[in-house]
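No experiment lies behind these values; they were computed from the predicted model shown.
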Protein chains: 2
Amino acid sequence: MGVGDTIQSVERAAGILRLLASGPRELGVAELARAMELPKGTLHGILRTLVHVGFVEQDATTGRYRLGGTLLHLGSSYLDVNELRTRSLNWADALAGRSRESVWIGTLHEGGVLVVHHVFRPDDSMQVLQVGTLLPAHATALGKVLLAYDPYGESAKEPLAAHTPATLVTADALAKELELVRGRGWAADLEELVEGEVSIAAPIRDRRAVTVGAIGVRGAVERLAEDGEPRRDLVSYVRDAARAITRDLSR
Amino acid sequence: MGVGDTIQSVERAAGILRLLASGPRELGVAELARAMELPKGTLHGILRTLVHVGFVEQDATTGRYRLGGTLLHLGSSYLDVNELRTRSLNWADALAGRSRESVWIGTLHEGGVLVVHHVFRPDDSMQVLQVGTLLPAHATALGKVLLAYDPYGESAKEPLAAHTPATLVTADALAKELELVRGRGWAADLEELVEGEVSIAAPIRDRRAVTVGAIGVRGAVERLAEDGEPRRDLVSYVRDAARAITRDLSR
DNA sequence: CCGATGCGTTCGGCAATGCCGAACATGCGA
DNA sequence: TCGCATGTTCGGCATTGCCGAACGCATCGG
């Protein structure tokens, strides 16, 4: 086992979990074997172990496999550990109160934006909690902020998916946009992910001034924008909240 | 690799994740090695793999390890897969609206109650989302319902922890309580987990009539109870919601 | 009714895999 | 400045678990 090597079975187990998480459907051994190009027997051994530790559950009647509850528990533990989230809980609530819009906090993760906190819009029911979701980075204000200030600057990823007609789909357009973001210190997405929805975000930094996350609001274009521009008062609310959390994190 | 055996490295990896999730603190290789009674080198190999797949992150300065964002993502995927939760989203909202209290949905998992859904109390801010939390089964209405109808009937677990003076701590008292629950079809917890808080719950069954979860409300004793008894109107709201979801699941 | 086809599971043999322990580099505290 | 504790590397060995074929069972179609 040389340096840089990884443990085969653990990596395969992670691959299985990823596949099970990628769709809402349960998967069978044979299906997984085809997808991963491994013998059925091999996968069965790993699956048996994953069931044993609770990461995977097996349907009693069909014999197929799905994710297990232990993963939900571990995932929520991540939230407790995450310093960015715990420090920003109160500020996110305050921002939701001032802006009267839903508030989102995210980090860069595997090329997307991992939502680590989400406050519902006040006085509006029937919203689905999005914590744990992976949003496309190039089509959200949160993502643009994170890409613009990413210390590793690895913006080049898979081709940019077009979610609406307004989505930036060329690497060039995105690079220009990120330049703009760096210049003014905040980002916006004008119906680039969902038609009719706008988002605004600003960066959160840690004590060494590296950007570790972003906070923003998201809501209907009628409320968040005026004359095709994000409302200035909302922009300053968002930036204020981001600065407050940054101050909190650098103590 | 005989039948019933499990893959060593995968099981060890799961153990590491459990340890990292058990406390809010980051852990070092040496610390983990002591806890699991394994050589440092062995653990390092597993940790390197876990970092590689994103299940674990390593602090750049201290070198210690913490849970990674991928776990949050996998955990939230579990919620999408979970049929109990997806089917009951609307009913939970409705129950929150009628009862004007926070609504909880849970399943039995590893001897506790895994919270798979949680609706905030209407018109009340500053609540923390508890999805993914493991609640003690013997001290909550959700847990009592689930234990009472558990097909495997494995109620005997570790000693019952006393969270308040009212917590049922003897196996005898719990058995009597479960008998009562089975008799009337719903359960209550009167300040048995948190002083001043009461919860009420009823069972959710699937198409084969086995209990797969429970739904309930939780709130201040002044609102949920009268004369030391759960309010009857709330009890029937909860039971109605449980029946509605059961009907939904058996279609 | 009965092949045929798919499924999840079992199992033995073989060698690749990854476990171990000692040595190394680094950083912190005394 | 010394010493101890940390995270990391690495080579050798045998244990580990990977593989592929065979099994029992369910489902489907002729």
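Heavy-atom contacts from other residues, nucleotides or ligands closer than 6.0 Å to NE2 of H163(B) number more than 12.
To the nearest 0.5 Å, atoms CZ (R66(A)) and CG (D80(B)) are separated by 14.0 Å. Within the model, atoms CD of E26(A) and CD of E83(B) stand 8.5 Å from one another, a figure rounded to the nearest 0.5 Å. Atoms CG and CD1, on L142(A) and I204(A) in that order, are 9.0 Å from each other to the nearest 0.5 Å.
Here R48(B) does not reach the OP1 or OP2 of dG18(C): none of its side-chain N or O atoms lies under 4.0 Å away. Look at H44(A) and you won't find any side-chain N or O under 4.0 angstrom from OP1 or OP2 of dG8(C). Of the side-chain N and O atoms in Q8(B), none sit less than 4.0 angstrom from OP1 or OP2 of dA14(D). Side-chain N/O atoms of R34(B) include one lying less than 4.0 angstrom from OP1 or OP2 on dT6(D). In this model, the phosphate group of dT17(C) is not approached by any side-chain N or O of R12(A) to a distance below 4.0 Å at OP1 or OP2.
One interatomic measurement links the two molecules: CG of D59(A) to P of dC7(C), which rounds to 16 Å at whole-angstrom precision. Between the CE atom of M36(A) and the C1' atom of dC19(D) there is a distance of 15 Å, rounded to whole Å. The interatomic distance linking L32(B) (CG) with dT8(D) (C1') rounds to 15 Å, in whole Å.
Here the side chain of D206(A) pairs a donor or acceptor atom with the backbone of V210(A) at under 3.5 angstrom. Between the side chain of T42(B) and the backbone N or O of L38(B) there is no donor-acceptor pair closer than 3.5 Å.
Under 4.0 Å is where a charged nitrogen must lie from a carboxylate oxygen, and between E57(B) and R64(B) no such pair does.
Residue K40(B) places a side-chain atom within donor-acceptor reach of the base of dG7(D), judged by atom type and a 3.5 Å distance cut-off alone.
Applying the ring-ring contact (aromatic ring centres under 6.0 Å, His included) rule to H118(B) yields the partners W104(B), F120(B); only residues at least two apart in sequence or on another chain are considered.
The nearest heavy atom of DNA chain C to L47(A) and to L43(B) marks one nucleotide each, and the one closer to the 5' end goes with L47(A). Nearest-nucleotide positions on DNA chain D for Y65(B) and S9(B) put Y65(B) closer to the 5' end.
Contacts between residues 18-31 of chain B and DNA chain D, defined by a heavy-atom separation under 4.0 Å, are made by G28(B), V29(B), A30(B).
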* To do: Show your reasoning for whether side chain to side chain contact (heavy atoms under 4.5 Å, CB included) applies to L249(A) and L84(A).
  => CA-CA 8 Å; L249(A) 277 176; L84(A) 166 63; 4.3 Å; yes

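When the local axes at the two ends of the helix from dC1(C)-dG30(D) to dA30(C)-dT1(D) are compared, using 5 base pairs at each end, they differ in direction by 40° after rounding to 10°.
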